[in-house]
Chemist: 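Structure below; questions to follow.
Start at 1 and go down the list; that is how both ligands and their atoms are numbered.
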Amino acid sequence: MPTDITLHMPPPNEKQKLALLEKHRYVGYGGARGGGKSWFVRWKATLLALKFRGIKILITRKTYRELLNNHIVPLLSMLRGIAVYNKSDKCFTFANGSTIWFGYCANDGDLGQYQGAEYDVWFADEAGQFLESWIVAIDACIRGANDFPKRTYFTLNPGGPSHGYFKRLFIDRRYTEEEYAEDYAFIQALVSDNVALMKSQPNYKRSLEKLPPKIREAWLHGSWDVYEGQFFEDFYDRPEHYEDRQWTHVIEPFEIPEGWKIFRSFDWGYNKPFSCGWWAMDYDGVAYRILELYGCTKTPNEGVKWTPPQVFAEIHRIETEHRWLRGRKITGIADPAIWDAETGESIADVAAKHQVFFQPGDHKRIPGWMQMHYRFAFDENGLPMLYVFRNCKAFIRTIPLLQYDDHKPEDLDTDGEDHVADEVRYFCMSRPIKPAHAKIADQYSKTPMAMFLDIPKEDIKSVIRRPGLEIIE
Ligand SMILES: Nc1ncnc2c1ncn2[C@@H]1O[C@H](COP(=O)(O)OP(=O)(O)OP(=O)(O)O)[C@@H](O)[C@H]1O
Ligand SMILES: [Mg+2]
C-alpha cells in the first residue's frame, strides 16, 4: 500500500518569494553571501519538477564536491520517497518523469558533458565562478521542442572570473545587440534578507562584518563596484610621517643593523622594464625596501636599454659596493620564468655568471597580492609590516597607479606598469604572514574564502597557520 508523502516547504523569505515567482528568461539572484540562494535553487527546481511532468532541469556548480555538499545531499533527504537518485547519472527522477540533473565545470574539458544535451531550466549556482565562455556554452543547451518554460537562474556573489559579465547584465544593464534587456531580471538578496539564518545563526552576519573592507563590501552589502579603480588603495605615502613611521609606508632611510636579513627580489621584463628590489628584514619580520634598480630591457628597434649582462653586472656592483649590502648574505628570489632557456642561455644563467643567484619565487598571483595587502595593513598604532625607503622611486611611483582588472576582479590589470608589484609579490610570498587581525584570520579559515578568491583553500590555510604576526617559514 503506497502511503501519502507530504513535502513540507519552509516559508520562503521575501526575496526568495520574489525569485520563486520570477518568469524572465534570465534571472539573477543574490549578490551577497548567505542570502538563501542555494536553498532557493533546491526548492525552485523541486517545484518546477513537480509542476511540469517530464521537465528536464540542470543544476551546476564548479566541482562535484560542491554539488554534493550544497545540493545532492540536502535533496536526498528532502526528496526521500518523492524522487529516486541515480548516482552514476547524477540525476533525480520523479514519478511524473521530471528529472533534475547535476553538472560541474571547472575547466574547458568539462564542457564535454553538455555537448548535445538539452535542458528546459538551468540553475547555475555560484555562476560567477564560471568563465563567461562556459556560461554561453551551457546556456546553448537550454532548448527543446516542448512547452516547458525555458529559463536560466544565476545565483551570484560579487567576485569570480565572470564578475564583469554579470555586473554588465544585471547591475549596469548594458546589453549587446544579441541580448534583450526585457529578458533579464535581478533580485538582490543580502544575508539580512535571510530571516531563517539570522535567527538560527546570528554570528554569521558578524563574521561577515569582520572581513577586510573590500570583501566585506562585496559579501555583506552586495557591492559590485569594489573591484574597480586603484588596486593598492591600502598603500600610503605620507611625508609628514616619514620620521615617526606611523600611518605611512614610505619612510626616511636609515642605516641597516648588522643582524638583519637581506633579500633581493627580481622580475625580468622581456622587452619591458625589469625590476630589482633589495629588502632588509628586522627581528619582528617587518620588511624594509631599502634599494631598487629599475630599467627597461633592450628591444631590437629602440635606443639605449639594458641588456641582461648589463643588468646583472650592475646588480653585482651595487651588492659589492653599497654599504647596506657589502659583505652581507643576500637571498635572491625571482620570477620562475627566468630559468626558461628557450633561446639558449636563461636569464638565471646570465645572472649566475655575475655571481647573482636566485631561488624561484612562488608566482601565484592572488595569494601574492593578499600577502602584500596583509603587509600594508596598519596595526592599531599605525605600524605596517612593509616599509619603503624614500629613495625607492619606482615602487612609490608605480604601486599607486595599478588598477583592478576588468575581467579578473581580484587581480590587477597587467596592462599597467606592474613589474615592481610582481617582484614585491615574489618577495612577500617567500616570507608569508597572516593578516593583521587574529579574528579575521580565524574567519578566513572558516569561510570559503578560497572559493571567492578562486584558489585552493589549502593555499589560504598555508599562510594563516599561527596566531600573531609571525613569519611562517
Ligand atoms: N526560507 C528558508 N527557510 C529556512 N532556512 C533557510 C531558508 N532560506 C535559507 N535557509 C538556510 O539558510 C542558510 C543559508 O542559506 P543558503 O545556503 O541557501 O545561502 P546562500 O546564499 O547559498 O549562501 P552562500 O553565499 O554561502 O552560498 C542555509 O542553512 C539554508 O538552509
Ligand atoms: Mg550557496
Chemist: Could you tell me, atom by atom, which parts of ligand 1 come under 4.0 Å of a heavy atom of E126?
Modeler: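 Those of ligand 1 that fall under 4.0 Å from E126 are 27 (O).
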Chemist: Only heavy atoms count here, so choose which of K15, R33, M198 is nearest to atom 26 (O) of ligand 1.
Modeler: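 Comparing heavy atoms across K15, R33, M198, the nearest one to atom 26 (O) of ligand 1 lies in R33.
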Chemist: For ligand 1 and G36, I'd like to know whether there is a polar contact (N/O to N/O, distance under 3.5 Å).
Modeler: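 Yes: some nitrogen or oxygen of G36 is under 3.5 Å from one in ligand 1.
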Chemist: Within a distance under 4.0 Å of any heavy atom of P12, pick out the atoms of ligand 1 and give their elements.
Modeler: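 Contacts of ligand 1 toward P12, numbered from 1: 1 (N).
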Chemist: Check the side chains of Y104 and D110 for a donor-acceptor pair under 3.5 angstrom, ignoring hydrogens and angles.
Modeler: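 No donor-acceptor contact under 3.5 Å links the two side chains.
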Chemist: Can you name the one residue among F378, F376, F235 that meets ring-ring contact (aromatic ring centres under 6.0 Å, His included) with W247?
Modeler: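 In the set F378, F376, F235, the residue that makes a ring-ring contact (aromatic ring centres under 6.0 Å, His included) with W247 is F378.
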Chemist: Is the number of heavy atoms from other residues, nucleotides or ligands under 6.0 Å of Y175 OH greater than 12?
Modeler: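 Result for OH/Y175: enclosed.
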Chemist: Report yes if G34 has an N/O atom closer than 3.5 Å to an N/O atom of ligand 1; otherwise report no.
Modeler: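 G34 vs ligand 1: N/O contact under 3.5 Å present.
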Chemist: For P11, which part has a heavy atom under 4.0 Å from ligand 1: side chain, backbone, both, or neither?
Modeler: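 Near ligand 1, P11 shows its backbone, while the atoms from C-beta on stay back.
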Chemist: Could you tell me whether some N/O pair between A196 and ligand 1 is separated by less than 3.5 angstrom?
Modeler: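 By distance alone, the answer is no.
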Chemist: Only heavy atoms of Q16, strictly under 4.0 Å: list the atoms of ligand 1 that pass.
Modeler: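 By the 4.0 Å cutoff, the relevant atoms are 1 (N), 2 (C), 7 (C), 8 (N), 9 (C).
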Chemist: Any ion pair linking R25 and D139 (charged N to carboxylate O, less than 4.0 Å)?
Modeler: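 Result for this pair is yes, salt bridge flagged.
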Chemist: Do ligand 1 and P10 have nitrogen or oxygen atoms that lie under 3.5 Å from each other?
Modeler: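 In this structure, P10 places no N or O atom under 3.5 Å from an N or O of ligand 1.
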Chemist: For the residue pair D411 and W369, confirm or rule out a side-chain donor-acceptor distance under 3.5 Å.
Modeler: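 Indeed, the side chains of D411 and W369 share at least one donor-acceptor pair under 3.5 Å.
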Chemist: What part of N194 sits under 4.0 Å from ligand 1 if we count only heavy atoms: the side chain, the backbone, both or neither?
Modeler: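 The answer is the side chain of N194.
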Chemist: Please determine if the Mg ion (ligand 2) has an N/O/S atom from T155 lying under 2.8 Å away.
Modeler: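 So T155 does not count as coordinating the Mg ion (ligand 2).
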Chemist: Salt-bridged, E14 to K17, with N to O below 4.0 Å?
Modeler: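 Counted as a salt bridge, because a side-chain N and a carboxylate O are separated by less than 4.0 Å.
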Chemist: May I ask you to identify, for N157, whether its side chain, its backbone, both or neither come under 4.0 Å of ligand 1 on a heavy-atom basis?
Modeler: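 Answer for N157: side chain.
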Chemist: Can you see whether N157 engages E126 through a side-chain donor-acceptor pair at a distance of less than 3.5 angstrom?
Modeler: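 Checked: N157/E126 side chains pair up, N/O donor to acceptor below 3.5 Å.
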Chemist: Just by distance, with hydrogens left out, do E423 and Y294 show a side-chain donor and acceptor under 3.5 Å apart?
Modeler: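 Short answer, no.
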